Protein chains: 2
Amino acid sequence: MDGEQGSRGEAARWLDADERLTWLALVSVLVRLPSALDAQLQRDAGISNFEYQVMAGLSEAPGRTMRISELAALAEGSLPRMSQVIARLEKRGWVRRTPDPGDGRYTLAIMTDAGWAKIIEMAPGHVETVRRLIFDPLTKAQPRQLHDICRRIMRAIDPDDQCLDRLDRPSA
Amino acid sequence: MDGEQGSRGEAARWLDADERLTWLALVSVLVRLPSALDAQLQRDAGISNFEYQVMAGLSEAPGRTMRISELAALAEGSLPRMSQVIARLEKRGWVRRTPDPGDGRYTLAIMTDAGWAKIIEMAPGHVETVRRLIFDPLTKAQPRQLHDICRRIMRAIDPDDQCLDRLDRPSA
DNA sequence: CCAGATAACTTGCACAGTTAAGTGATCGTG
DNA sequence: CACGATCACTTAACTGTGCAAGTTATCTGG
């Protein structure tokens with residue numbers, strides 16, 4: 001951020017009427033969409049959206065096993081937060097911990113059979129919700145537009161972010 | 001997940017590869033954009049994004065005055081949350097409370113001169129950040145695409161939401 | 001005019017998340 | 001081998017938020 005934002009310094013760069021409405025619409029989605037997804041998961045599975053992301057990530061990992069720090073990066077959360085999330089999931093019997101035999105500093109989070117059963121149970125409902133809230137209401141062309149817009153915004157937030165690599169697959 | 005969920009009775013409705021990447025990109029924006037905006041405001045003005053929305057809304061109201069419940073609806077927050085936020089802003093000297101002379105059940109939040117000075121001070125930096133993170137990286141056509149996409153998603157989340165009215169201005 | 005219902009707000013409790021300090025394991029250098 | 005530095009994780013203190021109960025003000029029906 002350029003520090004020269006003296007209130008009197010640069011007059012231009014304000015938002016015009018259209019930009020303002022676009023911004024308001026985006027803010028609404030930023031607030032409402034996460035809370036709608038959380039509500040569905042909480043109601044149908046008793047789990048938060050963030051916890052779901054962790055479970056989903058673990059379920060796709062080889063051996064259904066991942067390091068806590070890897071999971072934190074994957075789910076874009078801090079390490080302490082991930083530590084507590086894993087503790088909650090462990091208490092519910094869906095995950096167990098083991099020190100990494102290769103390097104004792106790491107802790108491996110391993111999804112149990114009960115955890116696997118849980119995600120098998122809740123995934124269809126969650127995916128259905130994502131589809132209903134995002135893809136169903138969009139036209140055929142809009143998902144691609146949205147994808148490009150999101151990538152551009154992400155690049156503006158942090159140009160050298162690991163996540164960008166996962167998203168940069170035009171695939172067309 | 002390996003994508004074999006469809007066999008569990010539910011019809012397909014799974015996400016294909018493109019949809020999946022779009023979804024991942026959107027999730028990243030949903031997580032990162034609010035936190036980037038919060039970071040800028042916290043750093044430059046010592047205020048949260050939510051508090052800023054409240055100050056901004058109040059600053060535009062006639063007489064720089066609004067009912068707490070109106071503010072809560074405007075900023076899409078709960079009434080208890082707004083009550084606490086106003087208490088914090090009051091403690092900082094930017095807002096004061098008065099019972100509504102017309103109906104004593106309401107409480108009016110009134111922006112003080114210090115609050116007005118504060119928003120004059122921080123608005124340019126915040127708007128600049130919004131422009132830099134959202135509008136600058138987009139092509140000329142994309143803001144309109146984004147606006148339409150957001151309105152469709154909002155309508156899917158809650159078709160009879162007050163907020164939609166504010167957003168439904170094609171203006172072209 | 002009075003009692004109950006309702007509305008707007010406030011408060012108390014529980015809990016998730018961030019930051020900073022603490023713990024244990026591993027690496028690098030002499 | 002030893003000692004400090006670094007790394008991954010855990011724990012603790014604090015803040016913010018949602019929910020439910022409490023408080024005060026207004027409306028409604030008799």
Side-chain angles (χ1 to χ4, degrees), chain A residues 30-32 34-43 45-55 58 65-92 95-110 162, chain B residues 30-32 34-43 45-55 58 65-92 95-110 162:
Chain A
L30 251 33
V31 171
R32 291 292 182 86
S35 97
L37 293 168
D38 260 326
Q40 179 268 325
L41 281 169
Q42 203 60 250
R43 179 170 48 80
I47 203 177
S48 75
N49 190 11
F50 188 79
E51 289 167 328
Y52 179 89
Q53 301 298 336
V54 173
M55 296 276 283
L58 250 190
T65 299
M66 241 189 265
R67 293 171 173 172
I68 304 253
S69 42
E70 280 179 318
L71 273 171
L74 177 73
E76 315 199 32
S78 68
L79 193 48
R81 180 181 183 184
M82 187 55 64
S83 179
Q84 291 176 329
V85 168
I86 296 296
R88 289 201 295 271
L89 297 179
E90 191 174 27
K91 198 174 300 179
R92 300 234 242 166
V95 168
R96 62 190 178 82
R97 285 175 212 247
T98 307
D100 187 329
D103 185 335
R105 288 173 302 182
Y106 293 93
T107 300
L108 298 179
I110 306 173
Q162 307 293 359
Chain B
L30 251 32
V31 171
R32 290 293 183 86
S35 98
L37 294 168
D38 260 326
Q40 180 268 324
L41 281 169
Q42 202 59 250
R43 179 169 50 78
I47 204 176
S48 75
N49 190 9
F50 188 78
E51 289 166 329
Y52 179 88
Q53 301 298 337
V54 173
M55 297 276 283
L58 205 47
T65 298
M66 244 190 262
R67 294 170 173 174
I68 305 255
S69 43
E70 280 180 318
L71 272 171
L74 178 73
E76 316 198 31
S78 66
L79 193 49
R81 181 182 182 183
M82 188 55 63
S83 179
Q84 307 268 41
V85 169
I86 296 296
R88 289 201 293 272
L89 297 179
E90 192 174 26
K91 197 173 301 177
R92 300 234 243 167
V95 167
R96 62 189 178 81
R97 286 174 211 247
T98 307
D100 187 329
D103 185 335
R105 289 172 300 181
Y106 293 91
T107 300
L108 297 178
I110 306 173
Q162 308 291 0

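Numbers restart at 1 for each chain; the letters A, B, ... are given by sequence-line order, proteins then strands. Owing to the predicted nature of the structure, the values given are computational and were not obtained by experimental measurement.
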Nucleotide [N], atom [atom2] - distance to [atom1] of [X] in whole Å:
| X | N | atom1 | atom2 | answer |
| --- | --- | --- | --- | --- |
| A/Q42 | D/dC19 | CD | P | 10 Å |
| A/L71 | D/dT10 | CG | P | 12 Å |
| A/D100 | C/dA25 | CG | P | 14 Å |

Qualifying residues under side chain to side chain contact (heavy atoms under 4.5 Å, CB included), relative to [X], sequence neighbours excluded:
| X | value |
| --- | --- |
| A/T107 | A/I68, A/R97 |
| A/Q40 | A/R43, A/D44, A/H126, A/T129 |
| A/S48 | A/D38, A/Q42, A/F50, A/E51 |

Original post:
For B/Y106, which residues count as a ring-ring contact (aromatic ring centres under 6.0 Å, His included) partner, sequence neighbours excluded?
Top reply: none
Subject >> Gap between atom CE of B/M55 and atom CG of B/L71 - 0.5 Å precision >> reply: 11.5 Å
**OP:** Mind checking salt bridge (Lys or Arg N to Asp or Glu O under 4.0 Å) for B/R105 and listing every partner two or more places apart, or none if nothing turns up?
**Re:** B/D103
**OP:** Quick one: list whatever passes side-chain hydrogen bond (donor to acceptor under 3.5 Å, both in side chains) with B/T98, sequence neighbours left out.
**Re:** B/R96
Subject >> side-chain hydrogen bond (donor to acceptor under 3.5 Å, both in side chains) partners for B/S35, two or more places apart >> reply: none
Original post:
Reading nucleotides 5-20 of chain C 5' to 3', which nucleotides get B (base under 4.0 Å from a protein heavy atom), which S (sugar-phosphate only), which -?
Top reply: --BSBBB----SSBBB
Original post:
Once you build an axis from the first five pairs and another from the last five of the helix from C/dC1-D/dG30 to C/dG30-D/dC1, how far apart in angle are they, to 10 degrees?
Top reply: 10°
